[in-house]
2 protein chains.
Amino acid sequence: RRNKILDILKSEPVFDKSSNYFNGRMERFERALAREKKLQLLRRKHNWTTDELRTASEAVGEPGPYALHESMFKITIGEQGTPEQQEKFLKPATDYKIIGCYAQTELGHGSNVRGLETTATWNPEDKTFTIHSPHLTASKWWIGSLGRTANFACVMAQLYIGGKSFGPHPFIVQVRDLKTHQPLENIHVGDIGPKFGYNTMDNGFLLFNKVKVPHFNMLGRFSRIDPQTNKYVRQGSPSLIYGTLTWVRSNIVMQAGSVLARGVTIATRYCAVRRQFQDRDAPPGEKGENPVLNYTMVQIRLLPLLAATFALHFTGKGMMHMYQENQKRMNGSGKGRESETRGAGPEETQAGSDILADLHATSCGLKSLSSSIAAEGLEVCRRACGGHGYSSFSGIGSWYADYLPTVTWEGDNFMLTQQVARYLLKSARSVLSGAKPSNETTRILSDFRSRSEIGCAFDILGSDEDLVSAFAWRASFLTFEALKHRDDNKKPWNDLLVDFYRLSKAHSQYLVVRNFYDALKHGNIGREVDATTHDVLWKLFRLWALHTLEQEGSEFFASGAASRHQISLARTNAVMKLLKEIRPHAVSLVDGWGFDDWVLDSSLGRFDGKVYEDMFHRASELNPLNGVTVDPYPENEVLFKKVEPLAKSKL
Amino acid sequence: RRNKILDILKSEPVFDKSSNYFNGRMERFERALAREKKLQLLRRKHNWTTDELRTASEAVGEPGPYALHESMFKITIGEQGTPEQQEKFLKPATDYKIIGCYAQTELGHGSNVRGLETTATWNPEDKTFTIHSPHLTASKWWIGSLGRTANFACVMAQLYIGGKSFGPHPFIVQVRDLKTHQPLENIHVGDIGPKFGYNTMDNGFLLFNKVKVPHFNMLGRFSRIDPQTNKYVRQGSPSLIYGTLTWVRSNIVMQAGSVLARGVTIATRYCAVRRQFQDRDAPPGEKGENPVLNYTMVQIRLLPLLAATFALHFTGKGMMHMYQENQKRMNGSGKGRESETRGAGPEETQAGSDILADLHATSCGLKSLSSSIAAEGLEVCRRACGGHGYSSFSGIGSWYADYLPTVTWEGDNFMLTQQVARYLLKSARSVLSGAKPSNETTRILSDFRSRSEIGCAFDILGSDEDLVSAFAWRASFLTFEALKHRDDNKKPWNDLLVDFYRLSKAHSQYLVVRNFYDALKHGNIGREVDATTHDVLWKLFRLWALHTLEQEGSEFFASGAASRHQISLARTNAVMKLLKEIRPHAVSLVDGWGFDDWVLDSSLGRFDGKVYEDMFHRASELNPLNGVTVDPYPENEVLFKKVEPLAKSKL
């Protein structure tokens, strides 16, 4: 199915990628808009499902100006709108009669939703809301699809009724004329300018000068204003919204594996082709240079990342499964709670007693860990390509730049770790109070606690199960350490943020290792792949786990989860041996991810290995700068003497 | 003096930076060329020295198309050319009658100079050389200033005389017509295309189809062909060339501090302005949000980097001093050697007996460590700015992207560590053989060795001197460990590359810590700054050293240089305390670097803190995309309905 979609895309000239790396922002945005339009037309023509559209978008491989319309705008109305609101807004949105976006973040307010400054004041006299931006810092900012494309916005604003604040609520506001596409009166809207990446997207700003919207436009599924009494009314279960957040983060975990896999594919293929130097211990007569993938210094950078692509893939699948189970359960029970505590998520109120709390914390920690691994891993892949990694034609740089916001949005990767720590502390308190373990987290904490007088002994190099247990042990150890600092020593929260970060990382690394293990041990994978592949996957599991363990050596040692001797053997022996064993399978493993050349758009990552021919072709034949003849002398004011459409070879 | 230059630049319209972040490659290159020309005219007009020109270039802040002409082309002729060659090539180059570049790297050959494929074959009949590119992979590639600008190249090619290879040698070759600027016959030259950064530079490719150059054009200071006998003749001391390499690397170390300081300045200023959330332990009545620089999780990312800027600065100064001392000594003695061993640098032949060898190894290790710290540190700074760090207006992204090649060029940061390890092994062997210590490196190895039976006890938290010694101890320990693996256990070189990398890092970290310590203890700094600043600098020294020690905890512990308890105290206690003590000085410390707003070109890093006003101004008033009105509907083929020169505010 993927191939069929690819064939369709490749046959449409608008998706031709050959000028992507050369175009400036204006041309890239224009082209991206053209591609988005075509994708919608193709969707209609071929009756694509949402999944098929996503497959097509991913193959195109760039953020597009409809992205936030297609996701957050429609999802928010679908989840938080009444049936009448869905009829009025969701229907035309689905038909692209209106194009929307989701306007939450402000110039001065990112992570802290409660700090938003945009106000929505209820006017009892005419039953309307006045949307207003009281300061410059209240300007909506970073709003995807808003800069040039959207004509509607779902605006998060502080609701005020009779001078009293009721916190942030979502309002549907029209921002541009449906015909002229000019901004409506008292609305200042535009694109926020170029970014490190994501330049095919028009992230926008938006300021309101007392703009009125009707009562109807506040999304009303979970709260509304009674127009008769002017009273604020809550209804239904907004904890489903936590579900959405969790779903978004689970998706990030899921994608982190395949995002990283593109970089690993490119770097692995190129390092198998590229030769530099002879092996120093090679016999003197030997002339040929060595493929750089044979050097252990290259292997130690790339092969653990290759392992990570699978580790993250299985972890994402595990999370998604957990999420779906929980949604079923929640929809079944119809139960829901709210939390008024400052900054509290669901984990504060019901730790140790609920899968939702566990899922929420898990998704925070894994979002942070997995997107950091993917982003930083891509840069490692780029550098492993040597000088050519710096060329746009490597295909890694722009991919990395476009992925980079993921470490900041949907919860900054550092901020999120506080939520994980808070949940773990709560869980540890419940274990200390003697409560029975009710989920995975309390189970490992209880196990740890029950062995507090006898310690542990994990055969990390001899037993895969013990290896997983060592990760659980270290995470539990750090949890109770942090709890001691907070509850016994009464340390200020701010003084513990670094400890919390480490704790969250440790716990999330345990989750990745466990999910990878479970997938290989209990999943269907044994039936899906042949015995050799299954065996190599186990080696990747060990490489990932032992490499991580060695990197975090002091914590494993300090917790008693591994001895100094074991850690040293892991590094000098086990990991080095695994690199050697995995090396022969490296290229076929990345091929297994199945990226089409057209999708990768990389000279270095070509399936056929014709790296240098492709580099040369792009530089020499496609590069518009080569149509320019300069005047190189400082005295002459002329810069470009001649500009021709294309450079032609003289040879 | 710096201010006077800045004033000159600011008054010239060509240096106006306001469109930099918006322009595409063509416009950026064109503008960069215009700026380079103007800089040359200003140099002549104001009689700028080389240093003053460099100051001006750095303030402009972008790589320019004359860069390789000004540096490598002229330096190489100056160092390797005979007086006649200098007359013929260097003189017109200095007057910009010819524009040159340095063509070494090839499409298929980066690090390994001995693997270059371009040939220069001596023709005895007409006393010429034939320069030829036998394969596509022999194409010169990445050659700065060559793509569009240069008309001459200094080409490294394999010299062949009578079918015998004499290794790579430098040849001066004209590549474009001085008048028409068109490529000469049988030369295929052009720009290699867009890159992750450095897009104001025209890195180029170059292929020769049997191009003849006269005998005169092989740079002849150290070797030449006798045109009468057709014999190859060596002369003089090419080890001065190692001096140049060392100088280039010392410069990279020196610059790493100030390169990083730009990012640290921007992030520190912005994090002092930006407020998010309340302190969790704040009294319930307190309303205001907390400046994010007060959060320990932000401090632990930024303040060690602030310390690093000074650490690298002092280390660079120390290196430069050592380099100059050595140049004096070498020029005095006129001594020089050559090395025929495959891949051998000077460290192979004379370790433990020479400052040159030590300097060479030191420069390799420190180049690797310092450029990695700077590059990765810049990205940490960018992320510490939260979402806005991703905007081009942060000023960090493009700076990072332009700096990034430094981790690869002048010796890939991973490759180089082999040279350091080789030197350290050699030094350790000389110590084991009972030779007397002749330099710093053999001294610390001897000290370590002399205590092999009694171990050590460093008061790392109580004594700064002991802290430095602990770094020396750990580096020495790793050196003898590696030696054991190689000499006793006969491990293959390739299996030890990861160990060598760690060893080089450890040794270089020791050098940075020691240089920082020496500068504060023995340098003039005590007289140059007031007592408070001096005291804060000592705190930065401790922060840098203890933070590094804690990061590399397992190695310090394994070597016995620090106990588990000390390392744990360093982390939970000493480092956290230092963060608190340094925090109040952070902004004035970065101000001390003295970056002008015009130089930083950053909304977030503004001296006056008017971050949001500046972001808004750039987005709303300068952003050309806001002149575009799109047609947003998929059915309509029109993309841009209207394109106006500039967006105007409606409010």
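Below, chains carry the letters A, B, ... as their sequence lines are ordered, and counting in each starts from 1. What you see is a predicted model; the values in this text were computed from it and never measured.
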Does the pair B:Phe393 and B:Phe616 meet the rule for a ring-ring contact (aromatic ring centres under 6.0 Å, His included), with working shown?
-> CA-CA 10 Å; B:Phe393 307 148; B:Phe616 196 82; over 10 Å; no
Specify which of [options] makes the most heavy-atom pairs with chain A at under 4.5 Å.
options                                : answer
B:Tyr501, B:Phe640, B:Phe500, B:Tyr390 : B:Tyr390
B:Ser568, B:Ala619, B:Gly397, B:Ser554 : B:Ala619
B:Leu497, B:Leu107, B:Ile98            : B:Leu107
B:Asp495, B:Asn23, B:Asn290            : B:Asp495
B:Arg618, B:Met615, B:His69, B:Met576  : B:Met615
B:Gly24, B:Pro65, B:Gly193, B:Ser398   : B:Gly193

Atom group of [X] that falls short of 4.5 Å from chain A, counting heavy atoms:
X        : answer
B:Arg564 : side chain
B:Lys580 : side chain
B:Gln40  : side chain
B:Arg44  : side chain
B:Thr408 : side chain
B:Trp142 : side chain
B:Thr417 : neither
B:His388 : both
B:Trp409 : neither
B:Met297 : both
B:Arg31  : neither
B:Leu41  : side chain
B:Glu379 : side chain
B:Val298 : neither

Run the side-chain contact (heavy atoms from CB on, under 4.5 Å) check on B:Arg571 and A:Arg502 step by step: do they pass?
-> CA-CA 12 Å; B:Arg571 183 172 79 75; A:Arg502 295 165 72 120; 3.0 Å; yes
Does some side-chain heavy atom of [Y] sit less than 4.5 Å from a side-chain heavy atom of [X]?
X        : Y        : value
B:Tyr66  : B:Lys37  : yes
B:Thr149 : B:Phe29  : yes
A:Arg301 : B:Phe414 : yes
B:Tyr295 : B:Gln299 : no
A:Val292 : A:Arg275 : no

Spacing of [X] atom [atom1] and [Y] atom [atom2] [to the nearest 0.5 Å]:
X        : Y        : atom1 : atom2 : value
A:Leu207 : A:His135 : CG    : NE2   : 12.0 Å
A:Leu33  : A:Lys38  : CG    : NZ    : 13.0 Å
A:Leu639 : B:Arg148 : CG    : CZ    : 14.5 Å
A:Leu136 : B:Ser620 : CG    : OG    : 9.5 Å

Contacting region of [X] [heavy-atom separation from chain B under 4.5 Å]:
X        : result
A:Lys642 : side chain
A:Arg25  : side chain
A:Asp631 : both
A:Asn151 : side chain
A:Arg28  : neither
A:Thr137 : side chain
A:Phe205 : side chain
A:Ala150 : neither
A:Ile99  : side chain
A:Leu625 : both
A:Val611 : neither
A:Ser139 : side chain

Is a side-chain donor or acceptor of [X] paired with a backbone partner of [Y] at a separation under 3.5 angstrom?
X        : Y        : value
A:Asp191 : B:Asn626 : no
A:Tyr633 : B:Tyr96  : no
A:Glu36  : B:Pro632 : no

A:Glu635 atom CD, over 12 foreign heavy atoms within 6.0 Å =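 Yes, the 6.0 Å shell around CD holds more than 12 heavy atoms from other groups.
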When you look at CD of A:Gln551, are more than 12 heavy atoms from neighbouring residues, nucleotides or ligands closer to it than 6.0 Å?
-> yes
Chain B: which of [options] shares the most heavy-atom pairs with it under 4.5 Å?
options                      : result
A:Thr180, A:Asn413, A:Asp202 : A:Thr180
A:Gly389, A:Gly108, A:Gly553 : A:Gly108
A:Ser394, A:Gly204, A:Gly197 : A:Gly197
A:Met26, A:Glu30, A:Arg383   : A:Glu30

Sorted by chain and residue number, the side chain to side chain donor-acceptor pair (under 3.5 Å) partners of B:Asn203 (sequence neighbours excluded) come out as B:Lys195
Side chain to side chain donor-acceptor pair (under 3.5 Å) partners of A:Glu481, counting only residues at least two apart | A:Lys484
Closest non-hydrogen atom pair, B:Asn623 against A:Ile192 |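 Distance-wise, the nearest heavy atoms are ND2-C, 3.9 Å.
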A:Phe196 ring centre to B:Arg382 NZ or CZ under 6.0 Å, with the angle to the axis within 45°?
-> yes
